Each structure stands twice: as C-alpha cells, then as structure tokens.
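The basis for the numbers below is simple: all heavy atoms, side chains too, and nothing from hydrogens, waters or symmetry mates. Labels below follow one simple rule: chain letters A, B, ... track the order of the sequence lines, proteins then strands, and each chain is numbered from 1. Because the structure is a prediction, the values reported are computed rather than measured.
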Amino acid sequence: MKGYILDLKKSENENEVKIAFVEDKETHVLREDFKKYFYLLPQGEAREKLSQHEEVEKVEEVDKKQGKALKITLKNWDSTQKVRDYIEEKELGEPREHQYPGVYRYLIDRNLYPLTYYQVEVKGEEVGKFIEVSELRNEVPALSRCAFDIELDTQGKPDSEVDPIIMISYKDEEDEEVFYWTKEKGTELETIENFLEKLEKKNKQVIEGYNSTNFDWPYLQQRAHINQVKLDLGIDGSSVKVNKRGFGSTAKIFGKLHLDAYKGVEFLTSIGALRLPKNTLEVVYEELCGKEKTDIDHLEIPIYWKEGGEKLEKLKKYNLEDSVAAYEISEQVLPLYQELTRLIGLPPYEITRQSTSNMVEWLLVRESFKFNRLVPRRPTNQEIRARRMNPIKGGYVKAPETGLHEDLVVCDFKSLYPTIVISKNIGPQTLCEDEGCKEEHHESPNGQRFHKNGESLVPQVVEKLVENRDKVKKEIKETKDPEKKKRLEYRSQALKIIANSTFGYLGYPRARWYSRPCAEAITSWGRQYIKETIKKAEEEGFNVIYGDTDGCFIKLKDNQSLQDLKKWLKEINRELPSAMNLEYEGYYPRGLFVSKKGGTAAKKKYALLRDDGKLEIKGFALVRRDWAPIAKKTQKEVIKKVLEEGKPAKAVELVENVVKKLRNKEVDTKDLVIHTTMKKNIDNYNSIGPHVKAAKKLEKEGYKVTAGTVIGYVIKEGNQSISQRAQPIQLVKNKDYDSNYYIDNQVIPATMRILKELGVKESDLKNSGKQSELGKWT
DNA sequence: GCGAGCAGCGTACCT
DNA sequence: ACAGGTACGCTGCTCGCG
C-alpha cells in the first residue's frame, strides 16, 4: 500500500516499533522488529566483556569515519542504562549515540522521513520494506484536522479535583458543535462522552487546541479519570499520554498529531515571523486571521453558565469561537511544521515541540549517519558552563548619521553567515590547527584556518540547504497553481529557518557540534565583509549612513542615481565568493535616525518610508510591547507625519492633543496598559520592577503567575514609587491612572526622541492650551 | 536628610 | 533552552552638600 508515516512509538512488545501509517483516509497500525543499539569507543577488554553481558545481543566492530568503534546491539530496548552502567563501572570506553529514543534510531537506520510517501509491503500488521514513491516526493499529505476547547465552572484558580468541565466545543472543516450540560439537564460525564464520541466518529488526523498541552488535555484527563471515562483516543486504543512537568510537558495521542497552536505561535515568535503584545488567543486570532472574537472574562464564565438563557447562548458562542480560532491559527503553522518534519525527519509531534537548535541538531545527526560519522557526545554541565562563560564576538554595527535623510538605498548580504560557511568550508572537521600544515586553506580575519578541499559535515549540510532553497525558489516562480505555490513557499521558509539557525547552533553551549573556533571565524569574516563593503562604497563616492551585521544604508547624493548604485553592486558581487551575494533591498525616499538618551547616535533604531508609501520601523518604543499603547500610537503618528511631510508641525500639534487628553483623563484605560513578560518566577527577582510588583499583587488575588506570564499593568495615581503604583490590569478600576506618568514617562519621551532631531523642545509639546508657535516648524 | 548621578538589573529589540 | 550587540526604564546605592 501507498501512504505516509504520521506517528511512531515503541511497541508494547519488546524490540518492536509501532508505526501509524496513513493510506488515503485510513490510518493503519504497522509493526516492525527493531533492535536498539549504540556505539562504543572501546577501552581495554570491552569487546570480550560486553559479549558476555546478559543484556547484550551482539558486539560488532564497525569502521566509522573517526576510526574503529564497537556497535553494541541490545537484547531489550530498556536495558541501555544497565549496559552503560556496566561500561562505566568497568571502564570499557566512551559510549556514543546512546541517548536517542528507539523510534528515532529506527527512523535514522531505515532512512525514513514522516509525512513522505512510501510504498510499503504489508503482511498482516508487519512491515515489509519501505520504498519511496518518487512521483510523490514533492507531494505533501493533506491532513484532516479538528480543534477543541473546554470551559470550566471555577472560581479563580481551576482545581481539577472539584471544578467540572461544563462545555466542550468541536470544530472541523465542515462541522461544528458545542457539548455542554446545565444544572437542569445532563452531566459532565455525558458531555465528555459525547465529545469523545464525536472525535472518534470524525477520526481526524490532527487534533488542535490552544495551550492544550498545558491546559485542556491534562484537565480533560483528570476529569475523565474522576468520571471513570477512558480517554482512549489512540488509533491502537491507547490513552492520551499526558506528561505534565514544568518544562517539557507533553500530550500525545498515538497515531494522531496533537497540534498545540499556542506552541506554534511561540515558534513563529522565536524565528521572528511574528511579534505580538501578548500571545493570547484573542490577540493572535486577530493578527493572523484578521477577525475579532468575543472575550469573556474567566471569572464570568460560571456566571454565564448558571444564568442560562441568552447568557448561556453567548457562552456557547464564545466557546465555539475558541475552537474556530485554534483551528484557523493552526492552519497558519501546520504547513510549516509539515515541511520541517519532512526536512528534519523526526515524528511530526516531536517537531511541533522542538526549538530550532534541536532541529538543526537532528538534521546533523541524520546526515552524520549517511556520512558514516559518529555523532559527537553531548556536553557535560560543566562544559556547558565553561562555554557560556566565554562568549563569541558578534556582528559589526556602524553608528548612524542622525537626522531626517532623503534618497536612501538599503543593501544587504543574502544569508550572510550560511554563505560564509559554504564559501570558506567552515566546519569542525575542516578546522586546521596544525601550524605546519601545507594544504590549501581559507584563513579567517581572526586567524583560523580551514582546509579548502577537506570534507566537513556542517558546510556540506548548509550547502545542501541553500541549494535546495534556490531550487524551491525557482519552482515557486514557475508554479501557477496557488496551492502548490504556497506549499513551496513553506518549504523555502523551512529551509531558510534551518540554514540560518546553523551559525547560532555552532555557538550554542548545549550543542553537540558546538565549535567556538568555527563560530568566531564566521562572525570575523562577517565583520570583514560588511566593513569592506562600506569602505568600498565610500571609495566609490557613496555616503553610507548606517550598517548592521549584514546590511548597509546608502544615501544617494544629488549627482548619484539608483542606476549608479546598481552598477556598483554588480562590481561588488563579481569580487565576492560565488555563494555570497550583496543584494539591493529597496529604495526609500525618506528615513529617520535618532540620538539616544546620552546624545550620541542610536543604533538599531530607525524609521523608513518606502517608495510604495509603507513605513518600516525598527527598534522604537512603538514596536516594543513594554510601552503603553498611547505612547506607541502617538509615536507612530509622529513618525508618519515627519516622514511624509518632512517637517514636524503637524506632529507637534498631534502630541499636544494627546497630552491634553491625558490631562483631562479622556484616554481609555486600555490604551495605558504596559505589558512585560515575567522572565523568572516571582521569588527569583533581586530587583522589584513595576511588572514584578504588579505580579505580586495578582498572586495575592489568587491568579497564577509563573515565568513566561505576560503582566499587563497601569500606573495609578499616588506618590509612592512607580513599581508600587503598578496596578495589574485585572484589578484596575476605570480611569484610575496617573496622567503625569503617562505624559512625562511615556508620551513625551517616545515622541521627543524623534522631534528632538527636528529642533522641537519638550516645552513646545506641553504648552497645550496656549497657542503654540506652529509657524516655527513650517 | 536630601537630591543628583550612576551602576546594575531587567526586558525587548536588531541582525 | 540558537548567537551577540544595543537601548533604555526603573531601583537603589553612593556621594556631595549643608
């Protein structure tokens, strides 16, 4: 039969892998015998001693690129630890590749990639052989999906021992339903059962939720247990496997993909594809799907439920909308996860919970196997600490010329670090530390040498990623079908994410392939290339007003045209290594650079007006979540006015109005909320800033606050410190805020940053009421 | 005893 | 729980002044 692997797990039988294999709409459970093994760099009588060990099936000598090693095959999957203890006790050598779960080992050995089509011979439930179906190589399976969300009857902190589930909504492509009970009719038990029946009947491949890993599944599991219902949703009849630990929580359903859209949003945020003030369902839904949804305060839910009638209907609508939102948000992350799965080769569920560094690592592990190399061991905690103490020098940033500029062109190096890795053949194996070595080398500006002709895993893998991406980009151009185009764009994005993460990975203290010399060489070449480029531009007569790591901003003089610049770019690219490319990014009629507080030019902070009228703003308060909306909105308007008009008159007027409104308390409280993430747990802070103080107040009221919680607070009136006046938004009475704080610490500093560059004084903004001398600015 | 000035903490940004 | 470079608000200390 023809299909793809959706999931895998260790079978309840020893030495067997269970595979969820999808053929058309049906998911089959297949099994294959598989013996787990690991490698040993042996010492002493390792071979003899281990051959006699009762848990060892066989010991073979294998040739790996790094030399001879022993391959230790185990009688049972679970005996790895026992055999390792024995090795340590008898000092028989250094074990390698002993830490992978058995199913990963299986995927690597069989060279299998989930969500990729294979032809497979099946005898009963046994797997014969997987043969990749080449005509379907580019086909990504269309997974059937559904989403759910639960509501509780709870006061403040939910307690799964006593607070029942009152409502569960379900949503899929063609269907939606809300299951619930009331004091008059039905029970929690029936509600759960009806929902489970629905899931079973619909039998979708993906089950989605929002924060379902940490909330819905653990809660549902508890309530199901109390009601004595089995949560046996696995395609082999197994239960939902919930593992609720502080950090690496999981909720797995064998044969299905549990997709937590919240994790997806965090992932998009981590790769810089998304940035929001808060990652709540409401905010994310509006941003990604452009739709608003009703929000009911958590404390109100039981009230709506008990009241019945119209209120109950409203609660049902809200509950369903949560599922719809989770469903639609998932639509935006699932295709990317699918492409990453096909690229990295881990089971899809694992991919949805991995960081990019882990993905890079697994890609290297798999490629390592293909090159017959042993995977480097994980660093010890001590090594990690030592690595962390010794950071690597990073990119170069040129201080900008402040002020309002016209005729700007931005150029940047396309994938600077990956292309340096490729051009200079940078990897731990090509790194040459032998000073007398007579081979040909690339020598980095910081004095590291890399063999020109040697083979190294890292540059080979990066090259493959970049080449593949170029191919995919070409395909995108040739493809008319919009669906197929979208798929390819996700594939290109997946390749880009992994290629760009490779440098970070080499400098990541926990990485198996950590290499300080490689990472340092990469950044040293990076600094050299951008500095050289700036220098050459200046020699050519261009005015370079700013640069950061891999890009620079050029201000065209009156006698210079865009054509002149593009001609120069061509020349530059002729001199660069073939993999590297300095690209024309865009033309900007106006751009603004400002000073920092101390008076010198501020880096990483600018606003550009593109030739199509769009604003591109970096670093300013308005792109930061820890400023109040009133300050951000006003700053944005000011930047817009200044860039569009080239003078500050209208902007000054605008700020005056906002100041007036604040004074008169005409500003809505929601425009004053400052959001700050708790990076630590509440007790771990040495200095108590406003967000920590607000968090403490929240905790007192029974709210749960942990590392990762985003605190929203408003500064209220009073003469205590700002922190003491930080009131969490949940506890704010309308319009209880300190106007002066928002004027002097938010709106004025945010806007003065910009207006100062144009000669405006602070007093000009606060003169509201009096006629300000607008004539001055025109 | 008081305010100015500053270091250090903490967070979020840019590439 | 990918890297380093950067800005900046707030707290809480030191210091000089009287």
Side-chain angles (χ1 to χ4, degrees), chain A residues 246-248 266-267 269-272 275-277 353-361 384 387-388 390-400 410 412-417 497-511 513-516 518-520 522-524 526-527 530 546-552 585 594-598 600-606 616-628 631 674-680 684-693 707-708 710-711 715 720-726 741 744-746 749-750 753:
Chain A
F247 215 78
E266 282 187 328
F267 180 68
T269 307
S270 79
I271 58 167
R275 181 171 62 217
L276 297 170
R353 12 178 312 100
Q354 296 280 355
S355 61
T356 51
S357 65
N358 270 321
M359 293 189 203
V360 171
E361 186 147 291
I384 292 168
R387 290 171 179 186
R388 194 167 288 140
N390 201 2
I392 291 145
K393 201 170 165 197
Y396 165 72
V397 190
K398 178 185 160 70
V410 177
D412 40 36
F413 281 99
K414 197 182 81 175
S415 300
L416 177 68
Y417 290 168
I497 292 166
I498 301 303
N500 285 344
S501 306
T502 315
F503 156 71
Y505 176 80
L506 286 170
Y508 174 44
R510 308 189 93 95
W513 276 271
Y514 173 88
S515 171
R516 200 186 140 79
C518 290
E520 276 184 320
I522 295 168
T523 57
S524 83
R527 289 190 298 275
I530 192 65
Y546 177 59
D548 186 352
T549 313
D550 62 356
C552 59
E585 194 273 329
V594 299
S595 323
K596 56 186 174 191
K597 248 188 127 186
T600 53
K603 297 165 174 178
K604 299 183 190 282
K605 213 172 222 207
Y606 58 85
E616 276 176 33
I617 298 172
K618 302 287 177 184
F620 281 108
L622 76 98
V623 299
R624 296 179 62 102
R625 64 153 62 143
D626 54 358
W627 283 76
I674 299 164
H675 289 107
T676 311
T677 313
M678 296 288 292
K679 293 276 194 182
K680 311 178 190 180
N684 294 344
Y685 281 92
N686 297 320
S687 96
I688 310 299
H691 70 296
V692 184
K693 191 74 203 175
V710 177
I711 308 289
I715 305 300
Q720 301 141 294
S721 74
I722 289 166
S723 291
Q724 279 168 325
R725 289 188 282 133
Y741 173 81
D744 295 329
N745 296 34
Q746 293 274 330
R753 262 302 164 266

Distance in angstrom units between R725(A) CZ and dG9(C) C1', rounded: 14 Å
Nucleotide dA7(C), atom P - distance to NZ of K597(A) in whole Å: 13 Å
Rounded off to whole Å, could you give me the CG-to-P distance for the L416(A) and dC14(B) pair? 19 Å
For a quick check of understanding: with a heavy-atom distance under 4.0 Å over all strands, which category does N745(A) fall into, base, sugar-phosphate or nothing? sugar-phosphate
Check whether R388(A) reaches the backbone of Y508(A) with its side chain - one donor and one acceptor, N or O, closer than 3.5 Å. no
How is S270(A) classified with respect to the nucleic acid when contacts are heavy atoms under 4.0 Å: base, sugar-phosphate, or nothing? base
I need the minimum non-hydrogen distance between S723(A) and G689(A), along with the two atoms involved. OG-C, 3.2 Å
Between CZ of R387(A) and C1' of dA3(C) the distance, given in whole Å, is 14 Å
NA contact type, S721(A), heavy-atom cut-off 4.0 Å: base, sugar-phosphate, or nothing? sugar-phosphate
Using whole Å, report how far NZ of K604(A) lies from P of dC13(B). 14 Å
Is there a side-chain contact between F620(A) and V594(A) in this structure, where contact means two heavy atoms from C-beta onward sitting under 4.5 Å apart? yes
Side-chain N or O of Y396(A) less than 4.0 angstrom from OP1 or OP2 on dC14(B)? no
Which is true for G504(A) with a 4.0 Å heavy-atom rule: it touches a base, it touches only sugar-phosphate, or it touches nothing? base
For the pair made of CZ in R510(A) and C1' in dA3(C), what is the distance, rounded to whole Å? 15 Å
Picking from dC10(C), dC2(C), dC8(C), which would you name as closest to the side chain of Y741(A)? dC10(C)
Degree of bending in the helix from dG1(B)-dC17(C) to dT15(B)-dA3(C) once both end axes are built from five pairs, to 10°: 10°
How many whole angstroms separate atom CD1 of I722(A) from atom C1' of dC10(C)? 7 Å
Would you mind building the protein contact string for nucleotides 6-11 of chain B? One character per nucleotide, 5' to 3', B for base within reach (heavy atoms under 4.0 Å), S for sugar-phosphate only, - for untouched. ---SSB
Do any N or O atoms from the side chain of T502(A) and from the backbone of I498(A) form a donor-acceptor pair under 3.5 angstrom? yes
Assign each of I688(A) and R753(A) to its nearest nucleotide of DNA chain C by heavy atoms, then name whichever residue's nucleotide is nearer the 5' end. R753(A)
For K603(A), is there an ion pair with D548(A) - N to carboxylate O distance below 4.0 angstrom? no
Can you tell me which nucleotide in dC2(C), dT6(C), dA7(C) comes closest to the side chain of S355(A)? dC2(C)
Side-chain contact, heavy-atom cut-off 4.5 Å: Y685(A) with K679(A)? yes
Heavy-atom side-chain proximity of T677(A) to R625(A) below 4.5 angstrom: yes
Which nucleotide, dT15(B), dA3(C), dA7(C), lies nearest any side-chain atom of T549(A)? dT15(B)
Categorize Y606(A) for me: base, sugar-phosphate, or nothing, with a 4.0 angstrom heavy-atom threshold over every strand shown. sugar-phosphate
If you check every side-chain atom of K603(A), which of dG9(C), dC13(B), dA7(C) has the closest atom? dA7(C)
Does a side-chain N or O from N500(A) land closer than 4.0 Å to OP1 or OP2 of dA3(C), or not? no
Roughly, in whole Å, what's the span from NZ in K596(A) to P in dC14(B)? 17 Å
N/O (side chain, K393(A)) to phosphate O (OP1/OP2, dG5(C)) under 4.0 Å: no
Tell me if the NZ atom of K680(A) is crowded by more than 12 foreign heavy atoms within 6.0 Å. yes
Main-chain N/O of G395(A) paired with T549(A) side-chain donor or acceptor, under 3.5 Å: no
What is the nucleic acid contact for V623(A), judged by heavy atoms within less than 4.0 Å: base, sugar-phosphate only, or nothing? sugar-phosphate
